[in-house]
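Presented below is the structure to which this report refers.
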Number of protein chains: 2
Amino acid sequence: MNSTYDPQYNLRSPVTSADRVLVSVQQAIVEGQLAPGAKISETGLAKQFNVSRAPLREALARLERCHLIERTPNAGARVVTLTADGLTALYQIREELEGLACRLAAERMADEEIDALAKLLEQHLNSQRVREGESYYQEAGDVDFHYRIILASKNQYLINMLCDELYFLVRMYRVQLGMNGPRVSRAFDEHKAIINAIANRDGELADLLMRRHISASRKNIEKKLQVDKEVS
Amino acid sequence: MNSTYDPQYNLRSPVTSADRVLVSVQQAIVEGQLAPGAKISETGLAKQFNVSRAPLREALARLERCHLIERTPNAGARVVTLTADGLTALYQIREELEGLACRLAAERMADEEIDALAKLLEQHLNSQRVREGESYYQEAGDVDFHYRIILASKNQYLINMLCDELYFLVRMYRVQLGMNGPRVSRAFDEHKAIINAIANRDGELADLLMRRHISASRKNIEKKLQVDKEVS
DNA sequence: CATGCCAATATTGTCGACAATATCCCGTTT
DNA sequence: AAACGGGATATTGTCGACAATATTGGCATG
């Protein structure tokens, strides 16, 4: 599995050193190199990434924004922990917001964008790596699909909340629980149904399908969380 | 009109000096002392609030989070501008999220909380100040109602997104457009219907009513925006 | 006169040091 | 032995200065 994940979704490329360290720490938390619940040492991380504490603290502020850490004044920051309740809460929001994104995308997505997304889906399914079950590429493909629809909504706040805030946490749950099971082919079918609804400009249906899709995904992860808990 | 607005909604009281300057600048932007589109001078604001640039920049990071300013790397920050498109986008999100909040509140709100909220509504309607049309108290009362329902959802992300991020902008639209018109009594009826639905544990209905309520509010503000544009 | 370039200026980003606060450890007390 | 208290330590918050980047104004050129 390829461990470097190119976040092509970051709207603006990292220009300042706070941006760079943010990307690094985001990745470290999502992939678990900084364990859930771990205390974050400002001086430690600053040294590790060869920056001073100022840009690191700027990065921490944004990490809090995307719910990857929790800060308490004068006491410091900890990496968030993954819980069943948190997952449910997160996916409840996703259902609402991505449902809305589908309705808007059905109105606003250009025909060419729709074609391109449909093609990307096919291409992704046929890809060697996906069939071999590399979870990294499954994850990237899924996120890509959702991002394109969200961006097509052209609602600034929606895009911001989903892509810049919530999705890092979504990926964290998936990566750390190793979600690479047999749901891939079913998810593909669901994706296809959604893009079809959008192509038909049927926002209501796309909304409904997306909600179901996310709900199914949630149940899948909840099951895994349950199993993990029983094992431990 | 009382110009000081006690933000009783801030979950944790400001403890650090960055917290304090954040509250001050938030208020300044929402109430228009820092005009929409105005450039933000870090050194200027820092002097004005008698702090160094470090805590001020911390505050700016959080102001960006609640969409009150827009930053561009190496170039600085500007106060956001109020536009019809932005308002529509904002209220689309509100409809979805507050609808969800209603569904959850219908499940989770304690009977005593419901009673208290109903009483607060009555009390608010009968209040001298409200009948005299002091927009400040109308605004506070409305926000209070919505906040209580949102908090009752007990969904951490929902609460965070609405109360800590979006609502400052909502208030900014309302305050700066001087929304103190005759919608107050109608809004009261709508509030009452919503709390009734919640009391009956009818989440579906509460959801629907809240969406309509927010939609009506949006149209009201859009009208005002239109009028203002024609005048100018 | 408009336009493009370059230096001077102003503003933002980063750094290291200090102050304020929390955390830890250990001795004392009941 | 457990609970409390107080000092030592570590960590966070804030400050002023410097470096890096944008912006401004004037000068030369077409």
Side-chain angles (χ1 to χ4, degrees), chain A residues 7 10-26 28-29 33-81 164, chain B residues 7 10-26 28-29 33-81 164:
Chain A
N10 265 2
L11 312 165
R12 73 156 194 262
S13 49
V15 21
T16 178
S17 88
D19 291 340
R20 283 190 296 276
V21 67
L22 169 67
V23 173
S24 301
V25 182
Q26 268 176 340
I29 292 178
Q33 280 122 30
L34 265 64
K39 175 97 171 22
I40 295 216
S41 159
E42 292 188 0
T43 50
L45 274 188
K47 271 181 201 157
Q48 189 172 332
F49 291 105
N50 278 80
V51 292
S52 118
R53 278 178 56 220
L56 184 107
R57 281 172 63 85
E58 175 101 21
L60 289 188
R62 297 194 218 163
L63 284 172
E64 185 180 25
R65 173 180 174 170
C66 50
H67 307 280
L68 290 183
I69 65 172
E70 286 169 355
R71 297 172 101 180
T72 51
N74 288 319
R78 308 193 85 89
V79 179
V80 294
T81 55
D164 294 345
Chain B
N10 265 1
L11 313 165
R12 74 157 193 263
S13 49
V15 19
T16 178
S17 88
D19 290 339
R20 283 190 296 276
V21 66
L22 170 67
V23 172
S24 301
V25 182
Q26 268 176 341
I29 293 178
Q33 280 124 28
L34 265 63
K39 175 97 173 20
I40 296 214
S41 159
E42 292 187 0
T43 51
L45 274 188
K47 272 180 202 159
Q48 188 172 333
F49 291 106
N50 279 76
V51 292
S52 118
R53 278 179 55 220
L56 184 105
R57 281 173 63 86
E58 176 100 23
L60 289 188
R62 297 194 219 162
L63 285 172
E64 185 180 26
R65 173 179 173 171
C66 52
H67 308 280
L68 290 183
I69 65 172
E70 286 169 355
R71 297 173 101 180
T72 49
N74 287 317
R78 309 194 84 90
V79 179
V80 293
T81 56
D164 294 346

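We name chains A, B, ... by the order of the sequence lines, and we start the count at 1 in each one.
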Side chain of [X] - closest among [options]:
{"X": "A:Thr43", "options": "D:dT12, C:dG13, C:dC15", "result": "D:dT12"}
{"X": "A:Thr16", "options": "C:dG13, D:dG13, C:dC15", "result": "C:dG13"}
{"X": "B:Ser52", "options": "C:dT14, D:dT14, C:dT12", "result": "D:dT14"}
{"X": "A:Arg53", "options": "C:dC15, D:dC15, C:dA17", "result": "C:dA17"}
{"X": "B:Ser17", "options": "C:dT14, C:dT12, D:dT14", "result": "D:dT14"}
{"X": "B:Ala75", "options": "C:dT14, C:dT21, D:dA22", "result": "D:dA22"}
{"X": "B:Lys39", "options": "D:dG13, C:dC15, C:dT12", "result": "C:dT12"}
{"X": "B:Asn74", "options": "D:dT12, D:dT21, D:dC15", "result": "D:dT21"}

Q: With rounding to the nearest 0.5 Å, note down the distance linking CG in A:Leu60 to CD in B:Glu58.
A: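 Reported to 0.5 Å precision, the distance equals 9.0 Å.
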
Q.
If I take atom CG from residue B:Leu22 and atom OG from residue B:Ser17, how far apart are they, to the nearest 0.5 angstrom?
A.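 Taking CG in B:Leu22 and OG in B:Ser17, the distance rounds to 11.0 Å.
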
Length of the line joining [X]:[atom1] and [N]:[atom2], which is rounded to integer Å:
{"X": "A:Leu56", "N": "C:dG13", "atom1": "CG", "atom2": "P", "answer": "16 Å"}
{"X": "B:Lys47", "N": "C:dT12", "atom1": "NZ", "atom2": "P", "answer": "12 Å"}
{"X": "B:Arg20", "N": "C:dA20", "atom1": "CZ", "atom2": "C1'", "answer": "12 Å"}
{"X": "A:Leu22", "N": "C:dG13", "atom1": "CG", "atom2": "C1'", "answer": "15 Å"}
{"X": "B:Glu58", "N": "D:dT12", "atom1": "CD", "atom2": "P", "answer": "13 Å"}
{"X": "A:Glu42", "N": "D:dT14", "atom1": "CD", "atom2": "P", "answer": "11 Å"}
{"X": "B:Asp19", "N": "D:dT14", "atom1": "CG", "atom2": "P", "answer": "8 Å"}
{"X": "B:Asn50", "N": "D:dC15", "atom1": "CG", "atom2": "P", "answer": "9 Å"}

Q.
It should be established whether B:Arg57 places a side-chain nitrogen or oxygen under 4.0 Å from OP1 or OP2 of nucleotide C:dT12.
A.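 The answer is no; no side-chain N or O of B:Arg57 sits under 4.0 Å from OP1 or OP2.
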
Q) Pick one: which of A:Ile40, A:Val25, A:Leu34 meets side chain to side chain contact (heavy atoms under 4.5 Å, CB included) with A:Ile69? A) A:Ile40

Q: Determine the contact category for B:Ile40: base if any of its heavy atoms lies under 4.0 Å from a base atom, sugar-phosphate if only primed atoms, P, OP1 or OP2 are that close, otherwise nothing.
A: sugar-phosphate

Q: Verify, without hydrogens or angle tests, whether A:Arg78 (side chain) and A:Gly37 (backbone) share a donor-acceptor contact under 3.5 angstrom.
A: yes

Q. Minimum heavy-atom separation for B:Ala61 to A:Ala61, with atom names?
A.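 So the two residues come closest at CB-CB, 4.3 Å.
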
